[in-house]
There are 2 protein chains.
Amino acid sequence: MHNEHIAAIAALLKTMSHPIRLKILCLLLDREMTVGDIRGEVKTTNANVSQHLSILRNQGIISFRKEANFIYNRINDPRILQLIQTLRKLFCTNSAN
Amino acid sequence: MHNEHIAAIAALLKTMSHPIRLKILCLLLDREMTVGDIRGEVKTTNANVSQHLSILRNQGIISFRKEANFIYNRINDPRILQLIQTLRKLFCTNSAN
DNA sequence: CCAGTATTTAATTGTTTAATTAATTTAAAT
DNA sequence: ATTTAAATTAATTAAACAATTAAATACTGG
């Protein structure tokens, strides 16, 4: 692996490595969610969710669409979906494969 | 995914999210390496490598064996191997799968 | 025992990150 | 136009992280 790849992947992992951000990504696996929706699932403030979302956006992981004064967030990069699938398979099951 | 899983995975990703530590893990994919070996590959000091190794050990990612006054480090957890394989496949190739 | 090498530990210092709070923007509804 | 709700932004403060340097430990060989 080249050093640029390593730097890029390290940055990605860093973005994903906060419990709230990882949880947001897990929530967004299935569906779109607004900031308010997300705040209902994680135990923190609205502003805090918004800040974490902005970090995820800057990394290019999620994008959003605006409707009325709601903002619907979704996972942008299909590779992130696959990555989370792998994490779940490796660390959340007892299966042999 | 349960919150304990999320916390555990977030902690793992955090440990892996430093460029030097990620590079160390990539180097250890194939072979065992001493601190000195690793310092030859990453541009930093001996003490710094040792500190990063200790973080990786505390996370349970790598283990080591002692021989003379060398310490040979290796990846402990086969799931880490698979995870890095996945990262490489997703973010270091142009292939469609 | 002493010298030399490998590694770890400790202490310091600067940087980054994260949560909280308050203020601001944007859009909708009355 | 004013109010209300959703989301963002900004400012503050505390905590965590990381690199450097120096000191300490562990082990080997003469």
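Numbered from 1 within each chain, the chains take letters A, B, ... in sequence-line order.
Rounded to an integer number of Å, the gap from A:Asn48 CG to D:dA6 P is 18 Å. In this structure, the CG atom of B:Asn46 is 14 Å from the P atom of D:dT21, given to the nearest Å. One atom, CG of A:Asn58, and another, C1' of C:dT17, lie 14 Å apart when rounded to the nearest Å. Protein atom CD1 of B:Ile71 is 14 Å distant from nucleotide atom C1' of D:dT28, rounded to whole Å. One can place CD1 of B:Ile24 at 12 Å from P of C:dT7, the figure rounded to the nearest angstrom. Atom NE2 in B:His18 sits about 11 Å away from atom P in D:dC17, given to the nearest Å.
Here the nucleotide nearest the side chain of B:Ile55, chosen from D:dA19, D:dA18, C:dT21, is D:dA18. Here the side chain of B:Val35 is nearest to one of C:dA19, C:dT21, C:dT8, namely C:dT8. Side-chain proximity of B:Ala47 to the nucleotides C:dT9, C:dA18, D:dA7 is greatest for C:dT9. Considering only side-chain atoms of A:Ser50, the nucleotide from C:dT9, D:dC17, D:dA7 that sits closest is D:dA7. Minimum atom distance to the side chain of A:Phe70 is reached by D:dA6, of the listed D:dA6, D:dA18, D:dT8.
In this structure, A:Arg65 pairs ionically with A:Glu67, as a charged nitrogen and a carboxylate oxygen lie closer than 4.0 Å.
Counting any heavy atom pair closer than 4.0 Å across all strands shown, A:Arg57 reaches sugar-phosphate atoms only and no base atom. Among the atoms of the strands shown, none is found under 4.0 Å from any heavy atom of B:Arg39. B:Ser54 comes within 4.0 angstrom of nothing in the nucleic acid, heavy atoms only. If you check every strand for non-hydrogen atoms under 4.0 Å, A:Thr34 touches sugar and phosphate atoms only. At a threshold of 4.0 angstrom between heavy atoms, the contacts of B:Lys43 with the nucleic acid are absent.
Using a 4.5 Å heavy-atom cutoff, the side chains of A:Leu87 and B:His5 are not in contact.
Contact check, B:Thr44 against D:dA18: no side-chain N or O comes under 4.0 Å of OP1 or OP2.
Between the side chain of A:Gln51 and the base of C:dT20, at least one donor-acceptor pair of N or O atoms lies under 3.5 Å.
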Expected rows: protein N/O vs nucleotides 25-30 of chain C N/O, under 3.5 Å:
none

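At least one donor-acceptor pair closer than 3.5 Å links the side chain of B:Thr93 to the backbone N or O of B:Lys89.
With respect to A:Asn73, the side chain to side chain contact (heavy atoms under 4.5 Å, CB included) criterion is satisfied by exactly one of A:Arg57, A:Glu32, A:Met33: A:Arg57.
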